[in-house]
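So that the names make sense, note that chain A is the first sequence line, chain B the second, and so on, each numbered from 1. Note: hydrogens, waters and symmetry copies are ignored here, and every other heavy atom, side chains too, is used.
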Amino acid sequence: MDNVIVQQKHYLSIELGRELFAINVDKVLEVLEMQQITNVPNMPRLVAGIINFRGDILPVLEARLKLNMKERSSSEKFVIVVLDLNADNRNLRIGLVADRVTDVLSVFDNQINNIPEMGLSFNADFLKGMCKCDYGFLHLLDVERMFSSQELNVIDCGSVV
Amino acid sequence: MQLEQFKYKFIEEATKLICQLEESLLNNENALSDSESIHQIFRVMHTLKGVSSMYGFNHISDISHELESIFDQVREGQRKFTAQLFDIILQTVDHFRNLLNDENLTEENNQRNQSLLLDSVKKISGADIPKAVNIDVQESVSGFETFYVIFRPDDSFLNRGISILKLFEELADLGQYTIVNHSFKEHGDVTDDEFAWGVYLVTDRGVDAIEDVFIFVLENCHILKIATGNMLDKDEFIAKLDRGECFQQPSVSVPECDDVVTEIEPSVMSKNEIDELDNVIFKERSVVENRTIEQVGSAIARISVDSSKLDRLMYLVSELVIAKSQLLVGVEKDNYEKITEAAQKIEALTQGFRETTLNIRLVPVAEMIVPFKRLVRDLSKSLGKKVNFITQGIDTELDKNVIDRLAEPVMHILRNCVDHGIEDPQVRVANNKTEEGMIKFTSFYSGANVFIQIQDDGAGIDPEKIRKKAIEKRLISQSDKLTENEIINLIFLPGFSTADSVTDISGRGVGMDIVRKKIEEVRGEVDINSEIGLGSFFTIKLHQTLSIIDTLLLKVDNLFFLVPVSDIEFVDQAAHQHIYGTHNKQVALDDDLIPYVSLRDLFTENKNYPAKEKLVVVNKNDKRIAILADQIIGNHQAVLKPLGEVFRSQQFLSGASMLGDGSLAMMLDINKLSNSSITGNTVA
């Protein structure tokens with residue numbers, strides 16, 4: 001075998017519904033406690049609203065709805081994962097509502113497998129892969145893709161006014 | 001890491017040097033021989049040569065080394081500062097700017113430009129001011145050269161059916177020539193065997209083209225380059241020819257014209273090479289321009305501030321410290337009076353801080369002019385147009401943020417002026433205008449506003465064309481009646497473009513609406529006036545300070561909204577029934593019928609109207625509308641933040657601000673509200 005050094009990356013694992021997802025730690029700026037989210041009128045349900053984050057307006061989106069999962073009930077506790085995205089030359093910060101965060105783990109690149117063809121209860125377009133960890137199966141989220149310009153355009157079209 | 005620190009300092013200072021150089025170059029373009037510019041260029045190259053290699057920027061050092069020697073010669077009077085050199089320096093400026101961001105030369109464009117530029121300057125500097133002529137049949141370099149072709153046909157021509165006449169016709173295509181007798185014998189009569197034609201040919205197509213002409217008869221001719229430049233233009237040379245003094249040598253060797261060929265221009269970089277370099281650098285222009293826009297931002301990541309402003313700030317800080325102590329003592333001693341006093345002091349001081357700090361952020365418009373000048377110059381050159389770029393009032397100050405964000409829309413407007421506004425020189429002259437077009441950039445204060453005007457004396461905008469296009473794009477209908485001004489302002493609508501072909505530069509149809517959007521993002525307004533044949537006039541109106549706005553806080557259901565106080569005319573209240581009782585969406589107030597918009601209707605699904613509606617009457621562009629809300633809470637000094645990309649579809653909200661209790665209130669875009677059809681229409 002050749003001398004390939006297998007890359008190891010760190011991931012933040014978050015819980016949505018009963019599933020576990022992982023986001024590359026490089027993209028995560030902060031994890032915020034549950035707080036009052038100001039609703040912005042006439043936006044699709046996917047957009048939970050806005051909060052004040054470090055002096056700027058941070059849009060907050062429901063991760064569950066982005067992945068076409070069942071909506072979260074309003075009485076449940078939640079956290080907001082602040083993402084710092086840099087694709088296509090833009091600097092975009094977005095908050096993602098998750099049920100809770102569980103851990104930060106390191107995953108070797110060769111532990112990552114492809115996603116199965118079917119059998120997932122949510123939208124697999126935004127997944128980069130899957131890996132097995134102590135808690136179960138982790139689905140690696142492709143957040144750059146989730147919030148690319150095109151995806152945000154779709155949100156645009158979804159809004160009413 | 002100390003070296004890292006110094007490296008950033010170097011990059012900053014080098015960038016500053018280069019920007020200063022660019023500015024003075026653009027200012028002195030028409031006075032190239034001005035020695036101050038020459039000295040400045042020499043000094044800059046000298047400095048860069050020495051220091052850049054210290055910090056690992058060897059590429060910069062390599063090029064500046066060559067340029068330093070070239071400009072040493074220029075300042076000593078040994079070399080002329082030609083227009084070509086000027087172009088090279090400007091290209092160098094761009095390239096160095098890119099290099100300063102790409103230390104390890106990782107980007108392909110930079111690598112390419114580096115080798116192109118380095119080769120070019122080496123070529124220029126390598127060419128000595130020659131005394132003698134090098135007679136090699138050199139690689140064909142364009143630019144005129146004089147050749148001597150000794151052509152001696154033989155018998156085989158007849159057999160092969162080669163037409164000598166045709167040969168000379170082809171030769172005539174290459175350039176001018178003159179034919180002499182070339183005899184192989186020094187004196188006396190010559191026999192058939194001993195003579196040939198000697199053709200002095202001047203051409204810019206190089207030796208290859210000549211060989212092509214003689215391709216079938218190459219063994220019957222010798223082609224020699226005798227000089228760079230057009231010798232047949234030189235009287236002395238012709239004189240010598242007439243006297244038959246050249247080329248009497250029997251041998252096919254160097255003709256005796258060295259002494260005539262005295263003034264040979266140093267081997268100039270071929271026009272092709274300059275064009276190629278230009279193309280390469282021009283194609284990256286969009287990249288360069290984007291960089292340029294960033295540089296307008298980053299170049300003023302530092303601003304120079306009047307020290308009196310800083311003194312005032314210091315004073316305020318010390319007063320604040322005192323007020324703070326007062327407050328703490330009051331709290332400790334439970335002394336309500338002391339606390340109130342301290343709170344009042346703090347309120348006054350906050351006001352002072354706000355004013356002073358905003359003042360510090362004010363930067364003169366002049367700081368963003370150089371990239372504009374450059375754009376106009378380069379663009380007009382590449383389009384073959386002549387444009388004079390005038391500025392006025394550029395010491396007007398604007399918030400740094402506003403300046404940063406205005407750079408892009410202004411660039412676009414300027415592009416439009418050069419591309420579509422200013423006509424070709426011939427067209428201008430044919431229309432009794434001066435050959436050189438004018439673009440004027442003016443800036444001035446008026447009340448609480450800063451105005452920026454961009455005016456050109458070009459072709460103007462044709463309202464008919466706009467109207468047709470707008471109807472085509474279904475933006476208006478055939479029957480809509482609009483004033484000429486309204487028609488012209490249609491170009492700000494998305495998807496509008498009347499350029500017949502999408503040029504690289506503008507005309508993609510995404511231009512003007514983005515321009516308006518960006519200007520509105522900094523709470524400005526933009527308007528166009530134009531007259532066919534005379535020119536166009538863009539007016540941008542801005543607020544001097546951007547970030548903190550006095551607003552009125554409104555509440556609707558559980559949402560909070562903000563309206564800028566500067567737009568408000570008056571407030572009132574009226575019974576809900578009274579307002580909604582009429583059919584049209586208007587309310588009678590102040591002896592006027594004013595169209596209204598209900599925030600509840602617009603932003604919520606909740607039909608729980610209050611019995612008494614609060615009305616806030618705003619006036620924008622002489623248009624009055626009434627905004628209905630549940631409650632008017634009070635004044636709020638809003639630190640306005642943009643909503644961001646996710647909310648770009650929100651037309652009526654222009655930002656948000658944090659309230660005292662941590663919740664967010666959204667700022668209403670009065671402009672959009674008054675113009676939209678959601679609001680009732682005024683009676684015509």
For B:Leu559, is it the side chain, the backbone, both, or neither that has a heavy atom closer than 4.5 Å to a heavy atom of chain A? side chain
Say whether, by atom type as modelled, one donor and one acceptor occur between the side chain of B:Gln650 and the main chain of A:Val40 under 3.5 angstrom. no
For A:Ile94, is it the side chain, the backbone, both or neither that has a heavy atom under 4.5 Å from a heavy atom of chain B? side chain
Scanning both residues in full, the closest heavy-atom pair of B:Met666 with A:Thr38 reads CE-CG2, 4.5 Å
What is the distance from atom CE of B:Met658 to atom CD1 of A:Ile50, rounded to the nearest 0.5 Å? 12.0 Å
Return the set of residues passing side-chain hydrogen bond (donor to acceptor under 3.5 Å, both in side chains) with A:Glu30 (not counting sequence neighbours), or none when no residue passes. A:Arg54
Quick one: does A:Asn39's side chain have a donor or acceptor within less than 3.5 Å of a partner on B:Asn558's backbone? no
Does B:Glu605 CD have over 12 foreign heavy atoms under 6.0 Å away? no
Nearest heavy-atom approach of B:Phe647 to A:Pro59 is CE1-CB, 3.4 Å
Heavy-atom neighbours of A:Lys77 NZ exceed 12 at 6.0 Å: no
Roughly how far, to the nearest 0.5 Å, is OG of B:Ser657 from CD1 of A:Ile57? 7.5 Å
Could you list all the side-chain hydrogen bond (donor to acceptor under 3.5 Å, both in side chains) pairs where at least one residue sits in residues 17-26 of chain A, not counting sequence neighbours? A:Glu19-A:Ser121
Show the nearest heavy-atom pair for residues B:Leu664 and A:Asn52, with the distance to one decimal. CD1-N, 3.7 Å
Does atom NZ of A:Lys132 have more than 12 heavy-atom neighbours, drawn from other residues, nucleotides or ligands, at distances under 6.0 Å? yes
